[in-house]
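Notes to accompany the following structure.
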2 protein chains.
Amino acid sequence: MQHQYKYPRPAVTVDIVVFGTDLDDLFDPLKVLLIRRGRGVWKDAWALPGGYVRTGDAKDPGESLDEAAQRELEEETHCQVTYLEQLYTFGDPARDPRGRTISVAYYALVRTADYEAHGGGDAADAFWAPIDQAKNLAFDHDEILSVALERLKAKVRYAPIGFNLLPYKFSLADLHRLYEAVLMRDIDKRNFYKRARALGILKEAGVEKSGGKPGRCAKLYRFDKRAYDQAVKRGFNFEI
Amino acid sequence: MQHQYKYPRPAVTVDIVVFGTDLDDLFDPLKVLLIRRGRGVWKDAWALPGGYVRTGDAKDPGESLDEAAQRELEEETHCQVTYLEQLYTFGDPARDPRGRTISVAYYALVRTADYEAHGGGDAADAFWAPIDQAKNLAFDHDEILSVALERLKAKVRYAPIGFNLLPYKFSLADLHRLYEAVLMRDIDKRNFYKRARALGILKEAGVEKSGGKPGRCAKLYRFDKRAYDQAVKRGFNFEI
DNA sequence: GCAAAAGTGTTTGTGCTACACCCATGA
DNA sequence: TCATGGGTGTAGCACAAACACTTTTGC
């Protein structure tokens with residue numbers, strides 16, 4: 001069946017920048033999920049996962065933008081999605097050669113580390129790319145990724161969203177490496193550990209089992225959401 | 001002529017939160033521009049200015065989202081628009097009873113003070129509402145306004161966008177009142193003046209003519225964009 | 001015992017906060 | 001001369017930055 005309107009209407013999609021981590025990768029723990037395009041324009045190019053928003057019609061109310069993003073995300077990644085936020089809406093008339101398409105971009109943080117999949121998953125051609133190698137993507141996805149990275153960099157400094165990229169239990173060294181990777185600069189270890197603990201939102205959670213690696217075993221922590229929520233109520237400021 | 005698509009498509013609009021100031025209003029200098037709806041659903045309700053994005057078709061590329069916002073803005077306000085930024089995209093299926101409509105919201109800062117109009121303008125039913133009186137707006141515009149205010153509050157603290165709400169020349173007292181109005185809290189005058197000057201982005205610009213009012217004449221300043229751009233290059237941080 | 005990774009304190013300086021009075025002008 | 005609004009300085013404290021060595025573990 002066809003749908004008719006008096007004036008032309010754009011297609012509306014959501015595209016999602018999915019950030020994940022690989023803590024074994026000491027230099028590039030921060031990754032982004034890319035999909036290989038199998039056909040049509042930009043065939044064989046890497047792209048951000050995404051798809052059309054279900055608009056609905058007389059019988060069907062359709063889905064909200066958040067719901068659309070969530071749905072796409074579940075199809076693409078089988079990791080636990082712990083954070084999802086709308087990023088920006090891209091509407092340049094020329095951004096999709098097939099016709100006027102407006103894309104509402106989201107970014108998501110997922111715990112890859114809690115899962116095995118990570119590369120050998122079932123999403124046929126999905127790939128966790130190191131951030132600085134994700135270039136020359138389809139459409140305007142380079143720009144979308146760049147905006148997402150800037151947002152992540154900015155937000156991670158004043159909101160405790162970084163924890164969403166780590167496993168449930170993590171060491172301060174993990175947290176430190178993550179922040180260095182996201183902010184792309186060296187951060188003094190002692191000052192960082194001090195601040196992180198001073199925030200009062202970390203709860204001790206045992207000790208790492210030495211996995212046959214040299215070096216001292218790390219103490220583990222988890223994010224204490226209870227303490228965080230209370231601190232926010234008291235008007236606390238979380239700059240790291 | 002009708003336009004046909006295989007799947008249903010949403011209508012896409014831009015709505016704009018236009019912030020302005022009335023410096024003579026010592027308690028509520030911060031205003032927002034509202035439009036009275038003359039017909040259709042939400043008739044007689046106050047609403048944010050906005051309208052449909054020109055999508056384009058085979059012959060016509062249409063306009064970008066920024067262009068749509070700019071165009072709507074020019075139609076509604078004859079003040080100098082010095083700042084325009086995309087805010088958030090609202091896509092709840094039920095937000096417009098007439099049918100699925102996705103709204104890309106923007107916020108704009110304008111210099112009302114450089115113009116006479118301000119109320120007696122030609123936009124028949126436009127009104128500069130004090131921020132805290134702008135309630136019970138049409139559609140989900142209460143929510144849009146609330147998001148815009150939060151964004152303005154946050155951004156004004158680390159970026160020099162507040163100047164876009166003041167006339168070209170302004171006194172420190174003006175700036176102080178503006179910040180108190182935007183952040184909705186008292187700010188110590190001496191500390192504020194000190195910080196404002198220490199930023200090094202204010203240029204002296206003469207002295208206020210006493211307009212028949214009591215009290216000492218204020219020194220005037222203007223925003224020094226040159227100095228600001230250079231400071232940004234050096235990686236300066238502009239928290240106020 | 002050596003290589004690898006985790007963990008730990010002190011000093012110094014800068015910047016934020018709190019706070020109360022004098023100055024210029026018009027009526 | 002009084003009412004109104006503009007303008008100014010200092011002292012204490014808390015936080016950020018800089019900086020190097022010790023501890024634990026596997027091999």
Side-chain angles (χ1 to χ4, degrees), chain A residues 22-27 29 157-158 166-167 169-181 183 185-202 204-222 231 234-240, chain B residues 22-27 29 157-158 166-167 169-181 183 185-202 204-222 231 234-240:
Chain A
D22 176 359
L23 292 178
D24 297 331
D25 186 338
L26 292 194
F27 280 122
R157 290 185 53 191
Y158 65 89
L166 295 175
K169 294 179 178 187
F170 53 86
S171 68
L172 286 179
D174 292 335
L175 191 63
H176 182 237
R177 264 195 296 274
L178 175 68
Y179 270 77
E180 286 195 328
L183 299 179
R185 59 182 172 86
D186 291 343
I187 300 173
D188 181 89
K189 192 167 45 155
R190 278 166 296 186
N191 292 335
F192 182 84
Y193 283 27
K194 214 185 309 168
R195 267 200 303 272
R197 277 196 273 249
L199 292 176
I201 56 174
L202 294 182
E204 299 195 7
V207 176
E208 188 185 44
K209 299 162 214 151
S210 128
K213 282 157 205 160
R216 186 167 169 177
C217 294
K219 289 184 198 162
L220 296 179
Y221 298 84
R222 63 178 184 79
R234 295 196 306 273
F236 200 79
N237 189 3
F238 274 90
E239 301 252 342
I240 277 208
Chain B
D22 177 359
L23 293 179
D24 297 331
D25 186 338
L26 291 194
F27 280 122
R157 290 186 52 192
Y158 65 88
L166 295 175
K169 294 181 178 186
F170 52 87
S171 69
L172 287 179
D174 292 335
L175 191 62
H176 182 238
R177 264 195 296 273
L178 176 67
Y179 270 77
E180 286 196 327
L183 299 179
R185 60 182 171 87
D186 290 344
I187 300 172
D188 182 271
K189 193 167 47 155
R190 276 168 297 185
N191 293 335
F192 183 84
Y193 283 26
K194 213 186 309 168
R195 267 202 303 274
R197 279 195 273 247
L199 292 176
I201 56 175
L202 294 182
E204 300 195 5
V207 176
E208 189 185 43
K209 298 163 215 151
S210 128
K213 281 156 207 161
R216 186 166 167 179
C217 295
K219 288 183 199 163
L220 296 178
Y221 298 84
R222 62 179 185 79
R234 294 195 308 271
F236 199 77
N237 189 3
F238 275 90
E239 301 254 342
I240 276 208

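Sequence lines set the chain letters: A, B, ... in the order given, protein chains first and strands last, and positions in each chain run from 1.
Under the 3.5 Å distance criterion, with hydrogens and angles disregarded, a donor-acceptor pair is assigned to the side chains of A/Arg197 and A/Tyr221.
If you measure from atom CG of B/Leu220 to atom P of D/dG6, you get 11 Å, rounded to the nearest angstrom. Between the CG atom of A/Asp186 and the P atom of D/dA18 there is a distance of 11 Å, rounded to whole Å. Following rounding to the nearest Å, B/Tyr193 (OH) and D/dG6 (P) show an atom-to-atom distance of 6 Å. Between the CD atom of A/Glu208 and the P atom of D/dT24 there is a distance of 16 Å, given to the nearest Å. Taking atom NZ of B/Lys189 as the reference point, atom P of D/dG6 lies 7 Å away to the nearest angstrom.
Atom CG of residue A/Leu199 and atom CD of residue A/Glu239 lie 10.5 Å apart, to the nearest 0.5 angstrom. Rounding to the nearest 0.5 Å gives a distance of 7.0 Å between NZ of B/Lys213 and CD of B/Glu208.
Counting only distance, with no hydrogens or angles, the side chain of A/His176 and the backbone of A/Ser171 share no donor-acceptor pair below 3.5 Å.
Taking 4.5 Å as the limit, every side-chain heavy atom of B/Pro29 sits out of range of all side-chain heavy atoms of B/Asp174. Between B/Leu220 and B/Glu204, every side-chain heavy-atom pair lies at or beyond the 4.5 Å cut-off.
Within the 4.0 angstrom heavy-atom criterion, only backbone atoms of the sugar-phosphate kind lie near A/Lys219; the bases stay farther away.
Between A/Leu26 and B/Pro214, the one whose closest nucleotide on DNA chain C sits nearer the 5' end is A/Leu26. DNA chain D is contacted by both B/Gly215 and B/Arg197; B/Gly215 maps to the nucleotide lying nearer its 5′ end (nearest heavy atom per residue).
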Chi angles and distances behind the side chain to side chain contact (heavy atoms under 4.5 Å, CB included) call for B/Leu175, B/Phe192
CA-CA 9 Å; B/Leu175 191 62; B/Phe192 183 84; 3.9 Å; yes
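Here the shortest heavy-atom pairing between A/Leu202 and A/Ala196 reads CD1-O, 3.9 Å. Summarising the geometry of B/Leu183 relative to B/Arg157, their closest heavy-atom pair is CD2-CG, 4.0 Å, with the distance given to 0.1 Å.
Protein chain B touches strand DNA chain C; the 5'-most and 3'-most nucleotides with an atom under 4.0 angstrom of its non-hydrogen atoms are C/dT17 to C/dA27.
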Expected rows: protein N/O vs nucleotides 10-16 of chain D N/O, under 3.5 Å:
{"unit_1": "D/dT10", "atom_1": "O4", "unit_2": "B/Lys194", "atom_2": "NZ", "d": "2.8"}

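Here D/dC19 is the nucleotide among D/dG9, D/dG6, D/dC19 with the atom lying nearest to any side-chain atom of A/Arg190.
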